[in-house]
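Here the structure comes first, spelled out in structure tokens, and everything after it is commentary.
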Amino acid sequence: MLFNSLSFALFLPLVFLLYWFVCNKTFRLQNILLLVASYFFYGCWDVRFLGLLAFSTFLDFYSGLQIYQAKNVVLKKFWFWTSIGLNLGFLGFFKYYNFFVESFASGLTSFGYHIDTWTLQVILPVGISFYTFHGLSYVIDVYKERITPEKNPVDYAVFVSFFPLLVAGPIERATHLLPQLKKERKFNYNQAVDGLRQILWGLCKKIIIADSCAHYANLIFDHSDTYSGSTLVVGAVLFAFQIYGDFSGYSDIALGTARLFGIELLQNFKFPYFSRDIAEFWRRWHISLSSWFKDYLYIPLGGSQGSTWLRIRNTLIIFIVSGFWHGANWTFIIWGALNAMFILPSIIFKTNRAHLAIVAQGHIFPTLKETAQVLLTFTLTVLAWIFFRAKTVSHAVDYVATICSKSVLSIPEVKPPLVFAVLLVFVLIEWRGRTENYALEKLAFSKPRWVRWALYLVLIGCLFQFSGEEQTFIYFQF
């Protein structure tokens with residue numbers, strides 16, 4: 001069930017009405033409804049994996065209780081590592097089994113040994129990377145005694161499977177979401193309206209921006225050997241906007257949907273393409289994943305403390321693991337390694353926190369220095385995205401090599417003027433709203449009602465104009 005589908009347009013109002021008008025007597029009843037709705041939502045993808053979701057949820061819920069109640073360190077560690085091992089085992093099998101087998105066989109072949117590999121047609125359960133990380137963070141926090149375990153299985157199950165964030169995040173923390181599920185929630189008209197507005201903007205990002213860019217980005221990447229370097233530049237830039245519109249659009253819809261039920265989720269994007277260096281970019285892109293790796297991997301490794309070598313090692317580890325989290329392909333690992341190389345100078349010289357404030361805060365236009373910094377950061381990000389999007393490493397290398405050839409000075413064969421015009425308007429709107437949680441927040445609240453409604457009608461009209469065949473979200477594959 002896609003957020004941009006007719007089925008979700010029917011599902012969401014039905015759950016909303018039941019939540020506020022039938023189950024509004026107690027938050028316990030509302031949580032049961034959210035759990036049933038979430039499992040129905042997930043079952044629409046593939047009912048066979050509901051059992052895996054339920055088992056993972058029960059495993060972490062029960063392990064948390066056993067860790068807390070353990071009478072000795074040995075028993076505490078047993079339940080901790082049982083939960084961690086099984087969670088990572090399921091994730092590794094479904095996501096990485098064939099990758100490891102094929103990579104091992106390829107490595108042996110390079111030494112002259114040829115073996116027959118046995119690979120499986122493994123179907124990747126949608127959202128497994130996200131709900132697994134929910135459970136891992138919960139168990140780790142209980143083990144580290146940062147939180148006490150949840151005793152209500154329904155509340156915990158909703159924390160893991162809440163349908164707006166179930167298949168592509170944001171990756172929530174128990175300290176943030178569980179307390180909201182354990183108290184009465186009163187309908188807040190302004191919160192609900194703001195949620196609908198954010199849903200609208202998320203749909204615009206997905207349908208108008210991402211899907212429009214995807215048509216040409218797919219065309220160029222799939223036939224990159226037939227195009228000039230200048231055309232490949234166009235394809236790389238369009239993919240950069242495609243993945244941003246697609247993933248941040250999903251996050252906006254998820255956050256807006258949660259607000260309809262009186263729940264606030266973690267912000268996942270803060271206008272990352274307006275960053276002045278790669279360190280700032282990663283504080284603004286997929287924030288819930290970046291902060292997860294920082295808290296549960298980077299800091300335990302030592303973070304930015306210690307010698308220069310240790311800082312370099314920790315940075316490489318976190319980015320390579322982040323790349324591997326995205327999928328079983330060497331292209332993702334190289335994408336992570338490239339980002340590590342881009343950020344290393346700021347880590348070594350401790351300038352990674354030089355840009356904490358919003359770019360050009362309090363000003364309409366950025367300075368020439370800020371403009372140059374933003375353009376350089378965007379260029380490096382686009383370069384890394386080429387490896388993320390390419391089918392193989394050799395495909396990515398050939399793509400970059402063509403860009404570096406003389407043909408980059410030619411006129412692009414693919415140059416969609418309508419898409420470029422839409423992107424220009426989109427960037428201006430995002431720039432105007434860069435100080436807010438999402439671009440339309442301030443713009444909508446600061447205008448008279450007739451202006452707001454005119455804006456909404458224009459955006460809805462554009463959605464119908466640009467809509468076509470339902471396109472899945474990129475991050476569903478992760």
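Side chains included, hydrogens not; waters and symmetry mates left out as well; all remaining heavy atoms used.
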* Can you list the steps and then say if W292 with F133 is a ring-ring contact (aromatic ring centres under 6.0 Å, His included)? -> CA-CA 8 Å; W292 198 100; F133 271 38; 4.1 Å; yes
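- Counting only residues at least two apart or in different chains, side chain to side chain donor-acceptor pair (under 3.5 Å) contacts with residues 374-384 are absent.
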Just distance, no hydrogens or angles: give the donor-acceptor pairs under 3.5 Å from side chains in residues 301-309, sequence neighbours left out.
unit_1: S304; atom_1: OG; unit_2: Y298; atom_2: OH; d: 2.8
unit_1: S307; atom_1: OG; unit_2: L310; atom_2: N; d: 3.3

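- Between F378 and F281, the ring centre distance reaches or exceeds 6.0 Å.
- Under the salt bridge (charged side-chain N to carboxylate O under 4.0 Å, His left out) criterion, R276 pairs with E280, not counting sequence neighbours.
- Taking the six-membered ring where the residue is Trp, the centroids of Y42 and F163 are separated by 6.0 Å or more.
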Give every donor-acceptor pair under 3.5 Å between a side-chain atom in residues 350-368 and any protein atom, sequence neighbours left out.
unit_1: T367; atom_1: OG1; unit_2: E370; atom_2: N; d: 3.1
unit_1: T367; atom_1: OG1; unit_2: E370; atom_2: OE1; d: 3.4

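- Remark: aromatic rings of W385 and Y244 are distant, center separation not under 6.0 Å.
- Legend: residues meeting salt bridge (charged side-chain N to carboxylate O under 4.0 Å, His left out) with E264, ordered by chain and number and at least two apart, are R259.
- Qualifying salt bridge (charged side-chain N to carboxylate O under 4.0 Å, His left out) partners for K391, counting only residues two or more places apart in sequence or in other chains: D222.
- Using a cutoff of 4.0 Å between basic side-chain nitrogens and carboxylate oxygens, R197 and D194 are scored as salt-bridged.
- Separation of the F388 and W335 ring centroids falls under the 6.0 Å cut-off.
- W330 and F387 have their aromatic ring centers separated by at least 6.0 angstrom.
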